[in-house]
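Accompanying notes for the structure given below.
Start at 1 and go down the list; that is how both ligands and their atoms are numbered. Just so you know, residue 1 is the first one in the sequence shown, and it goes up from there.
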Amino acid sequence: MTSQAADSPAVPNFDRVPRHVAIIMDGNGRWAKNRKLPRIEGHRQGTKSVEAAIKAARELGVEYLTLYAFSVENWNRPALEVKSLMLLLMESLKRYAEELSENQIALKAIGRLDDLPENVREQIKITEQKTARNAKMTLLLALSYGGRVELVEGVRKLALMVKSGKLQPEQIDETLIANSLYTTGIPDPDLLIRTSGEMRLSNFLPWQTIYTELYVTPTLWPDFGREDFFAAVSEYNKRERRFGGV
Ligand code: IPE
Ligand code: IPE
Ligand code: MG
């Protein structure tokens with residue numbers, strides 16, 4: 001994260017800043033295709049948008065930012081693309097560890113982390129440990145993440161507790177289920193942004209997003225910047241959240 005350019009406009013005065021923003025960062029491949037570049041160039045450019053989104057969220061005082069970086073389904077992509085994505089992830093984790101701390105941001109990875117290559121897992125652990133005490137914002141990186149598999153893993157944990165007699169089936173409630181997920185202790189997303197115009201969730205946070213405000217922008221992820229983040233929050237400010245009430 002570079003420091004804010006002197007000429008960049010001031011932060012707008014939003015009346016409600018979402019506590020938790022989640023982003024489905026989509027459209028890297030199309031961005032590259034439009035330029036006749038290999039897909040990986042789109043992913044590379046996308047890391048700049050990651051930086052911009054983190055900075056914008058931090059500027060606004062967002063407490064939790066969750067970025068969908070790699071889904072369980074993404075393992076089905078060509079091996080070369082997967083490998084390049086893992087390399088890019090390693091590079092970014094190393095490059096930004098310092099800046100995360102400078103900006104008081106804690107990193108937490110969520111997903112089937114055991115599926116990741118050993119070196120990536122190590123780098124995640126190092127960065128998580130280094131940034132653990134940072135208290136201004138938590139950056140959740142969804143890696144090898146799948147919402148259904150998250151629920152499956154959670155259900156298994158609870159089943160084991162029942163089996164061992166530590167838990168009665170009647171004691172299972174929404175809080176207990178929420179606490180068996182990767183996002184235990186983290187408030188549900190208030191705002192979900194998806195870039196590149198796709199109107200779907202693609203296995204992202206199914207339990208956590210039941211009352212999340214959705215914002216889809218046609219902008220491709222590599223073109224997404226500070227102003228786009230602000231535009232999404234500005235739209236969120238116009239929404240009336242009713243949670244089933246009147
Ligand atoms: C998002 O961009 C990045 C990942 C899913 C890893 P895509 O790679 O899905 O880009 P499109 O959707 O093909 O344009
Ligand atoms: C969702 O994007 C996953 C991430 C952004 C990491 P995809 O590009 O994989 O989703 P689909 O295939 O269009 O639903
Ligand atoms: Mg996509």
Can you tell me how the ring of Tyr211 sits relative to the ring of Phe243, calling it parallel under 30°, perpendicular over 60° and tilted otherwise? tilted

Same apolar cluster: Leu67 and Met90, side chain cutoff 4.5 Å: yes

Pocket residues around ligand 1 (non-hydrogen, under 4.0 Å) come out as Met25, Asp26, Gly27, Asn28, Gly29, Arg30, Arg39, His43, Ala69, Asn74, Arg77, Leu85

With clusters defined by side-chain heavy atoms of hydrophobic residues (ILVMFWY) lying less than 4.5 Å apart, directly or transitively, does Ile186 cluster with Leu192? yes

Salt-bridge test for Glu41 and Arg39: reply yes if a basic N is under 4.0 Å from a carboxylate O, no otherwise. no

Quiz item: cation-pi between Arg35 and Trp31, 6.0 Å / 45°: yes

Atoms in ligand 2 with a heavy atom of Arg200 nearer than 4.0 Å: 11 (P), 13 (O), 14 (O)

Donor-acceptor side-chain pairing of Asn134 and Ser101 below 3.5 angstrom: yes

Could you pull out the closest heavy-atom pair between Phe204 and Tyr145, with the gap in Å? CA-CE2, 3.9 Å

Under 3.5 Å side-chain donor-acceptor pair for Glu81 and His43: yes

Kindly give the heavy-atom pair with the smallest separation between Leu88 and Arg44, and that separation in Å. CD2-N, 3.5 Å

Tell me whether the NZ or CZ atom of Arg16 lies within the 45° cone about the ring axis of Tyr236 and under 6.0 Å from its centre. yes

For Arg194, atoms of ligand 2 separated by under 4.0 Å from a heavy atom: 2 (O), 10 (O), 11 (P), 13 (O), 14 (O)

Pull up every protein N/O/S atom sitting under 2.8 Å from the Mg ion (ligand 3), skipping waters. Asp26 OD1

